[in-house]
Amino acid sequence: MTDSRFEARFDPGQADERWQRAWDDARCFEADSNSTKPKSYVLEMFPYPSGRIHIGHVRNYTMGDVLARYKKMRGHEVLHPMGWDAFGMPAENAAMEKGVHPGGWTRDNIANMKAQLKRIGFALDWNREFATCDPEYYGHEQALFIDLFNAGLVYRKESTVNWDPVDNTVLANEQVIDGKGWRSGAEVEKRKLNQWFLKITDFAEELLDGLGDLENWPDKVRLMQENWIGKSQGLEFSFDLSNGEKLPVYTTRPDTIFGASFVAVAADHPVAQGTAAGNGDAQAFIELCKRGGTTAAELETAEKLGYDTGITAKHPFTGADLPVYIANFVLMDYGTGAIMAVPGHDQRDFEFATKYGLPIPRVVAASADDAAKPFAGEAEAGEGVLVNSGFLDGMDVDTAKREVISRIEAQGSGAGKTVWRLRDWGVSRQRYWGTPIPFIHCDKCGVVPAPKDSLPITLPEDVDFKTPGNPLVRHPTWKHTKCPECGGKAERETDTLDTFVDSSWYFLRFASQPGDKPFDRDEIAKWLPVEQYIGGIEHAILHLLYARFWTRALAHIGLIDVKEPFASLFTQGMVTHETYSRKTGGREVFYSPAEVDRGGESAVLKDGGEPVEIGRVIKMSKSKKNVVDPDEIIARYGADAVRWFMLSDSPPERDLPWSEAGIEGCWRFVQRLWRLFGQYEEGATGEDKALARKSHQTVDAVASDIEALSFNKAVARLYELTGAIEKAQPSASRNDAIRSVLLMASPMMPHLAEEAWQSLGSGGLISEAAWPEVDEALLVDDEVTIAVQHKGKLRDTLTVAKGLPKDELEALALASDKVQRSIDGAEVRKVIVVPDRLVNIVT
RNA sequence: GCGGGCGUGGCGGAAUUGGUAGACGCGCUGGUUUUAGGUACCAGUAUCUUACGAUGUGGGGGUUCGAGUCCCUUCGCCCGCACCA
């Protein structure tokens with residue numbers, strides 16, 4: 001019964017590219033800023049141009065694409081742009097390893113990856129494409145940076161970097177492995193440099209409060225940001241030290257002050273520095289702290305170490321002399337860089353006190369009776385009542401906090417204080433491949449911003465990467481310039497900006513890209529905020545917080561009117577794959593899926609047939625070789641099967657395990673749909689009420705699924721409806737249902753859909769068509785299936801008219817043979833009836 | 001270490017406010033069509049049990065007429081930790 005206009009099989013090899021060209025020719029996905037339609041800005045996190053599109057990108061962009069195409073079908077003017085996060089370290093690493101220029105390497109990668117994206121058929125507005133390494137883009141970024149400087153949001157201060165003494169280079173955290181430089185293997189040192197900072201802490205309160213309005217962000221992301229910002233109410237007070245100095249400390253647990261058994265300062269705290277002067281042992285200890293990791297994770301997992309300064313601090317209430325230690329777990333940039341340590345009620349202090357034999361007094365207990373209860377090998381950080389604490393005894397934790405703060409304030413030795421965990425954003429990078437920081441150092445005038453008409457300050461092309469270190473510093477001419485203030489000899493800043501700055505406003509530039517300024521305020525007002533932002537959960541904190549901050553900062557200085565850039569956020573999972581490996585000579589060798597023949601339970605090498613071990617399903621990575629190349633898959637199965645796979649089965653926020661069998665199944669479904677569309681019978685008449693109902697219910701449900709980004713559910717519903725249509729006899733209802741499936745599948749399998757749309761003789765492109773209408777009357781079923789339980793266990797089901805009253809349901813349930821057999825004459829004590837759902841009989 | 005998340009058949013997963021656990025797909029088993037087939041179609045597929053039935057959502061405990069869903073506890077895996085993007 002196959003329609004003659006349909007070939008036996010859908011051939012993506014000839015169809016995909018043809019339709020991609022048709023979309024380009026019709027310019028269907030170009031966003032019109034002057035449109036009067038409701039707007040939808042759909043954005044996926046733009047990729048770093050590493051060279052190849054990764055299957056994870058394909059998943060991310062397919063989700064956004066389905067939403068963008070769907071919104072267009074619902075009559076929205078859609079902005080769905082794409083660009084390149086093109087600055088960063090990998091380009092410099094490639095330059096060092098392969099002798100290529102970072103710019104050329106990046107441009108080649110972009111060209112490759114763009115071609116790859118085109119082959120997947122994404123509905124992108126390529127007119128708005130840019131790369132952050134375009135001088136035009138980073139020139140505007142330099143202008144914005146100067147604006148923020150003029151608004152007092154940019155400053156310089158000393159801060160610590162990882163220094164590789166052999167390569168004479170600053171290392172990123174990921175380049176430090178076990179405290180050693182990844183290339184040189186040299187012991188990494190901490191070194192202080194003058195660096196540029198953005199005052200994100202000025203916005204801490206705003207960024208925290210703003211989270212409350214981001215209702216369409218995942219709760220987990222909001223919670224992570226809240227914890228990261230880390231507002232805490234505590235007490236800052238000063239200890240009188242035995243050397244006559246005062247030592248300010250900050251604590252969030254002033255209630256436990258009677259449990260303080262020592263005081264600790266960070267290695268770079270002035271008290272530590274003072275102790276080290278003329279004290280070799282203290283100096284050695286501070287040196288020890290300077291080695292090793294800089295990251296919070298390393299600091300906190302490292303063994304707690306300390307050095308007794310010999311100084312003591314006088315307890316403000318008991319007058320006791322507490323020893324002052326230099327400790328490796330105290331951070332200089334949180335609070336005052338010094339703490340009162342309460343080992344009984346803080347785990348880090350507990351470990352330290354145990355190691356150094358310091359007292360561990362209990363000052364909080366479950367009840368006053370437990371005042372002498374020993375600790376069970378760890379600190380107790382929870383709630384309770386105060387004990388062994390003088391005037392605080394018997395109070396709860398909150399009351400005691402307030403009491404201590406007011407007494408300290410009365411003494412005049414301190415005050416209640418709000419402290420934030422959030423630190424200012426250090427944006428200096430001692431690297432070439434980034435946005436040059438637009439400032440000029442003049443001996444006479446100091447650090448002055450470059451004149452705006454000198455922007456962009458572009459990177460020099462003639463650089464070499466044979467010598468380690470920043471090529472901008474050793475370039476013969478680049479940094480030499482004139483001071484814009486006095487006209488005298490001066491030098492350019494050679495630091496470049498963190499690439500997180502580039503990604504903090506690219507979504508604005510997509511919406512509006514005038515040549516003479518970063519963006520047009522009115523156009524931003526039209527397009528922003530982004531309706532739906534989609535990206536990886538790994539960006540939950542840094543990128544998303546920086547972008548929120550940068551947007552607020554621009555609003556603060558009056559350049560834009562939007563404060564939150566992303567109205568709705570979705571974080572998708574990774575694409576994973578099992579690993580294949582063989583142990584040869586004690587070494588594990590990994591093989592790529594392409595090298596392996598995968599049977600039901602086992603796998604063997606294609607070349608040679610030796611068995612390989614099938615490993616866990618993990619994130620795709622080059623080192624484990626468990627990667628699949630989107631290009632190869634598309635060449636084999638076409639773009640639509642790959643897109644369908646990306647949407648099927650796994651909920652989008654969870655990991656998606658790639659499997660060969662899975663893509664085969666998708667390929668078969670593409671063909672099954674193709675046959676279904678061929679079964680559209682011109683002129684078929686007659687009504688099929690059940691099918692019509694199923695079809696309209698599916699259209700309604702798939703629409704809500706797509707809007708909720710629950711693509712796996714939408715896919716399951718399309719399978720179901722397809723099955724129902726295949727079983728039905730030809731009718732007008734059936735034709736209508738086939739047409740609905742075609743339209744519903746079109747955002748997911750656009751090439752197949754265009755081909756079928758054309759074959760059915762529908763005019764124009766399906767990409768320009770409207771979403772099918774839903775007949776509300778068909779959404780409600782008139783019969784429901786009721787579960788009948790006895791003592792909470794299912795005994796029978798009943799099919800009854802919808803809305804049947806409770807007493808009738810109860811009577812029907814009790815009349816059931818199966819139920820009576822289960823009750824077996826016992827006394828019915830209670831019957832619970834949930835209309836249209838269930839009856840539960842309790843005996 | 002701290003913060004956040006996840007855990008349901010052989011596999012991916014589905015399951016309004018607590019209300020028929022396993023929809024849908026993959027795989028597997030049997031059959032039909034085909035010269036053949038890696039295609040298509042039909043039937044079956046949580047576990048135990050001959051059956052009646054019992055058990056079952058990482059483990060243990062609790063609340064409830066009723067728990068995958070709520071509470072406590074425990075184990076495993078994943079993400080982030082400020083210079084990877």
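Fair warning: this is a prediction, and the values are worked out from it, not measured in the lab. Numbers restart at 1 for each chain; the letters A, B, ... are given by sequence-line order, proteins then strands.
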(request) Determine whether the side chains of A:Ser184 and A:Asp167 contain a donor N or O and an acceptor N or O closer than 3.5 Å. (result)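 Result is no, nothing qualifies.
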If [N] has a Watson-Crick or G-U wobble mate with both distances under 3.5 Å, name it; if not, just say none.
N     : value
B:C2  : B:G80
B:G38 : none
B:G25 : B:C11
B:A54 : B:U47

With the side chain of [X] defined as its heavy atoms from C-beta on, choose the nearest nucleotide among [options].
X        : options             : answer
A:Leu794 : B:G19, B:A85, B:A21 : B:A21
A:Arg837 : B:U20, B:C83, B:C81 : B:U20
A:Met224 : B:G80, B:G3, B:C81  : B:G3
A:Pro651 : B:G13, B:C52, B:C24 : B:G13
A:Asn712 : B:G13, B:G4, B:A54  : B:G13
A:Gln195 : B:A82, B:C83, B:G5  : B:C83
A:Asn840 : B:G66, B:G13, B:G4  : B:G66
A:Ala716 : B:U20, B:A23, B:A82 : B:A23

Taking the [atom1] atom of each, how far is [N] from [M], in whole Å?
N     : M     : atom1 : result
B:U55 : B:G22 : C1'   : 15 Å
B:G66 : B:U20 : C1'   : 12 Å
B:A15 : B:A51 : P     : 32 Å
B:U45 : B:C24 : P     : 12 Å
B:G9  : B:G19 : C1'   : 23 Å
B:A54 : B:G7  : P     : 29 Å
B:U35 : B:G27 : C1'   : 29 Å
B:G12 : B:G80 : C1'   : 26 Å

Decide whether a cation-pi geometry holds between [X] and [Y]; the criteria are a distance under 6.0 Å from NZ or CZ to the six-membered ring centre and an angle within 45° of the ring axis.
X        : Y        : value
A:Lys304 : A:Phe352 : no
A:Arg421 : A:Trp228 : yes
A:Arg156 : A:Trp196 : yes

(message) Regarding A:Ala540, tell me which of base, sugar-phosphate or nothing describes its non-hydrogen contacts under 4.0 Å with the strands shown.
(response) nothing
(message) Is the shortest side-chain heavy-atom distance between A:Val839 and A:Leu798 below 4.5 Å?
(response) no
(request) Using the closest heavy atom to pick a nucleotide of RNA chain B for each, name whichever of A:Ile841 or A:Gln430 lands nearer the 5' end. (result)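 This one resolves to A:Ile841.
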(request) Take A:Lys220 and A:Ala172, find for each the nucleotide of RNA chain B with the closest heavy atom, and name the residue whose nucleotide sits nearer the 5' end. (result) A:Lys220
(message) I'd like to know if A:Arg429 and A:Asp495 make a salt bridge, using a cut-off of under 4.0 Å between side-chain N and carboxylate O.
(response) no
(request) Answer yes or no: is there an ion pair linking A:Lys355 with A:Glu303, defined by an N-O contact shorter than 4.0 Å? (result) yes
Hey, does the side chain of [X] come within less than 4.0 Å of [N]'s phosphate (OP1/OP2), counting only N and O?
X        : N     : answer
A:Arg668 : B:G27 : yes
A:Arg654 : B:A14 : yes
A:Lys793 : B:A54 : no
A:Arg429 : B:C83 : yes
A:Thr499 : B:A85 : yes
A:Asn227 : B:C2  : no
A:Arg191 : B:C83 : no

What is the separation between atom [atom1] on [X] and atom [atom2] on [N], rounded to the nearest whole Å?
X        : N     : atom1 : atom2 : result
A:Tyr334 : B:A82 : OH    : C1'   : 15 Å
A:Phe87  : B:C84 : CZ    : P     : 18 Å
A:Trp644 : B:C24 : CH2   : P     : 15 Å
A:Leu838 : B:C65 : CG    : P     : 15 Å

Look at the side chain of [X] and the base of [N], then say whether one donor and one acceptor between them are separated by less than 3.5 Å.
X        : N     : answer
A:Asp649 : B:G12 : yes
A:Gln175 : B:C84 : no
A:Arg431 : B:C83 : yes

(request) Can you label the angle between the A:Phe87 ring and the A:Trp433 ring as parallel, tilted or perpendicular, going by 30° and 60°? (result) perpendicular
